[in-house]
Amino acid sequence: MAAEGVNREGVNRAGVSRERVNPERVNPQRLIAERLRSHRLAAPAAGPGEAATHMLAVQAQDFTAGRWALAARSRAEPTLRRVDAAFDAGTLVRSWTMRGTIHIVPARDLGWMLSVTADRQRRQAAAVHAREGLDDDVLHRAERLVRAALRGGGRLTRSEFLAVLDAGGVPVAGQRGYHLIVALALRGVVCWGPVVPRAGAPTREQHLVLVDEWVTDAAHPADPLAELFVRYIAGHGPAGAEDFAWWTGLPLGDARRAAAASVPRLTEVDAGQYVAPARPRRASGAPRVLALGPFDEYYISYADRGPVADAGVRDAVGPGRNGMVRAIILADGRVVGTWTHSLAAGRHTDRPVPALLVAGTASADEVAAALDRYARFITS
């Protein structure tokens with residue numbers, strides 16, 4: 001991006017600080033270092049709730065991976081129980097906030113995020129709804145049944161929720177039940193809230209609750225689209241409109257309008273890349289090797305993942321044809337390996353199994369230490 005409109009002090013005509021570097025031409029280590037800070041991987045947050053507020057949304061169709069994403073961005077090794085307590089308290093929820101994909105978000109931010117993204121998600125689901133016979137009459141009937149069942153602080157597991165619909169004359173066979181849950185979530189009727197206990201292993205399930213009862217402190221930003229861009233940049237920068245369009249699933253034109261409206265609140269670096277003016281300070285002693293879960297925001301949330309992973313590594317990590325993205329090992333901010341771990345009852349205490357993809361980038365002790373942190377989390 002040309003430097004037109006920038007004075008000698010690096011301040012543009014809107015009075016916004018603008019760095020005199022291009023992250024596409026600067027040393028790649030700088031871009032990675034800035035993203036590690038933005039993601040709170042090199043500058044951990046005080047706890048999972050603070051990490052969630054900073055990130056705004058973390059991809060979480062794998063519920064355990066989403067919870068680990070918050071713990072990995074927190075100081076003092078928070079336990080799985082501590083993260084789950086935030087769901088039980090109503091601080092965090094899970095819903096389809098963008099791209100037709102489920103994310104963990106602060107409960108207070110759910111409504112305004114859906115005000116930006118839900119309409120496009122509904123349009124994209126129109127063909128599926130037509131195939132499944134989910135017209136407005138069916139959705140209204142499902143909403144009435146659900147509100148009656150949950151009103152007054154009720155909560156339902158997925159199977160209980162579907163049983164309510166089926167008993168009320170709204171069939172849920174095949175994938176119809178899933179699409180009904182998503183449709184009602186996009187309408188802001190329900191969200192995934194408190195966890196469902198599971199004996200002998202970490203839970204992978206939550207209760208569905210009514211949003212208007214469960215979310216008691218909803219935020220109302222003046223410009224939700226701009227707020228979404230600013231919050232994305234704070235947790236992911238340096239990044240630009242193309243990355244934001246990919247992350248949200250919004251059209252590039254909307255992303256560019258969001259960026260333009262956000263200029264007074266961000267620092268712009270050359271080539272249309274933005275960072276938050278006040279970024280977390282790197283913690284002393286931050287480990288150079290990290291273990292992150294499947295679909296982690298550090299890898300998945302950009303249009304171009306080349307800056308953090310070579311082509312062969314990206315092929316191994318995904319997303320592949322089945323849409324899966326593997327758990328990753330980072331060394332100095334670059335993806336150098338993958339790892340696996342079972343959450344089956346009786347096996348969740350087994351050690352995670354690493355597979356290095358780039359030789360000589362991380363020692364066995366460094367990889368073991370990174371995976372040990374996850375192992376302590378998942379068994380606590």
Side-chain angles (χ1 to χ4, degrees), residues 52 56-63 66-67 86-88 90-151 153-166 168 170-172 174-196 204-219 224 228 247-250 295:
L56 182 60
V58 295
Q59 194 161 328
Q61 65 266 55
D62 183 321
F63 185 33
R67 291 178 287 177
F87 289 96
D88 293 342
T91 304
L92 300 178
V93 297
R94 200 163 55 125
S95 192
W96 288 265
T97 53
M98 60 198 80
R99 301 196 313 275
T101 302
I102 195 165
H103 289 73
I104 294 171
V105 300
R108 70 189 312 268
D109 294 312
L110 175 62
W112 69 262
M113 290 182 70
L114 289 176
S115 76
V116 177
T117 63
D119 184 61
R120 182 167 177 82
Q121 292 186 82
R122 281 192 290 264
R123 291 199 304 271
Q124 291 171 333
V128 172
H129 285 191
R131 185 180 71 235
E132 298 287 351
L134 302 181
D135 57 23
D136 282 343
D137 288 342
V138 170
L139 293 179
H140 285 310
R141 188 160 69 251
E143 181 175 341
R144 287 194 298 271
L145 289 168
V146 166
R147 286 192 179 278
L150 292 174
R151 189 175 296 117
R155 57 183 67 179
L156 295 170
T157 65
R158 178 191 173 104
S159 59
E160 292 168 343
F161 186 92
L162 296 182
V164 165
L165 293 178
D166 214 26
V170 179
V172 296
Q175 288 296 302
R176 205 166 187 261
Y178 167 80
H179 292 299
L180 280 163
I181 293 174
V182 176
L184 293 176
L186 291 178
R187 288 181 173 219
V189 177
V190 297
C191 65
W192 296 106
V195 299
V196 178
R204 289 182 282 187
E205 190 177 6
Q206 292 169 274
H207 289 102
L208 283 158
V209 292
L210 286 178
V211 170
D212 56 12
E213 290 187 353
W214 192 249
V215 180
T216 59
D217 179 31
L228 191 58
W247 188 68
T248 58
L250 295 173
F295 303 98

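Excluded from the calculations below are hydrogen atoms, water molecules and symmetry mates; all remaining heavy atoms, backbone and side chain alike, are included. Just so we're clear, the structure is a prediction, and the values are computed from it rather than from any experiment.
In terms of modelled atom types and a separation under 3.5 Å, the side chain of Arg120 and the main chain of Gly249 share a donor-acceptor contact. Remark: side-chain polar atoms of Arg94 are paired, donor with acceptor, to backbone N or O of Ala60 under 3.5 angstrom. Using a distance-only test at 3.5 Å, with no hydrogens or angles considered, no donor-acceptor pair links the side chain of Thr248 to the main chain of Met98. Distance alone, capped at 3.5 Å, places no donor-acceptor pair between the Asp109 side chain and the Ala219 backbone. At least one donor-acceptor pair closer than 3.5 Å links the side chain of Arg176 to the backbone N or O of Glu132.
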> Val172 and Phe161: side chain to side chain contact (heavy atoms under 4.5 Å, CB included), yes or no, with the steps?
Replying inline: CA-CA 10 Å; Val172 296; Phe161 186 92; over 6 Å; no
> Are Val93 and Val105 close enough, and set up right, to give a side chain to side chain contact (heavy atoms under 4.5 Å, CB included), and what steps lead you there?
Replying inline: CA-CA 6 Å; Val93 297; Val105 300; 3.8 Å; yes
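The side-chain heavy atoms of Leu139 and Leu180, taken from C-beta on, include a pair separated by under 4.5 Å. At least one side-chain heavy atom of Gln59 sits under 4.5 Å from a side-chain heavy atom of Arg99.
Atom OG1 of Thr157 sits about 8.5 Å away from atom CG of Leu208, to the nearest 0.5 Å. Distance check: Arg155 CZ to Leu210 CG gives 12.0 Å after rounding to the nearest 0.5 Å. Atoms CD1 and CD1, from Ile102 and Ile181 in turn, are 9.0 Å apart once rounded to the nearest 0.5 Å.
Under the 30°/60° scheme for interplanar angles, the aromatic rings of Trp192 and Trp96 are found to be tilted.
When every heavy atom of Thr97 is checked against every heavy atom of Met113, the shortest pair comes out as CB-CE, 4.0 Å.
A salt bridge does not link Arg122 to Asp136: none of the charged side-chain nitrogens sits closer than 4.0 Å to a carboxylate oxygen.
In this structure, Asp135 has no salt bridge (Lys or Arg N to Asp or Glu O under 4.0 Å) partners at least two apart in sequence or on a different chain.
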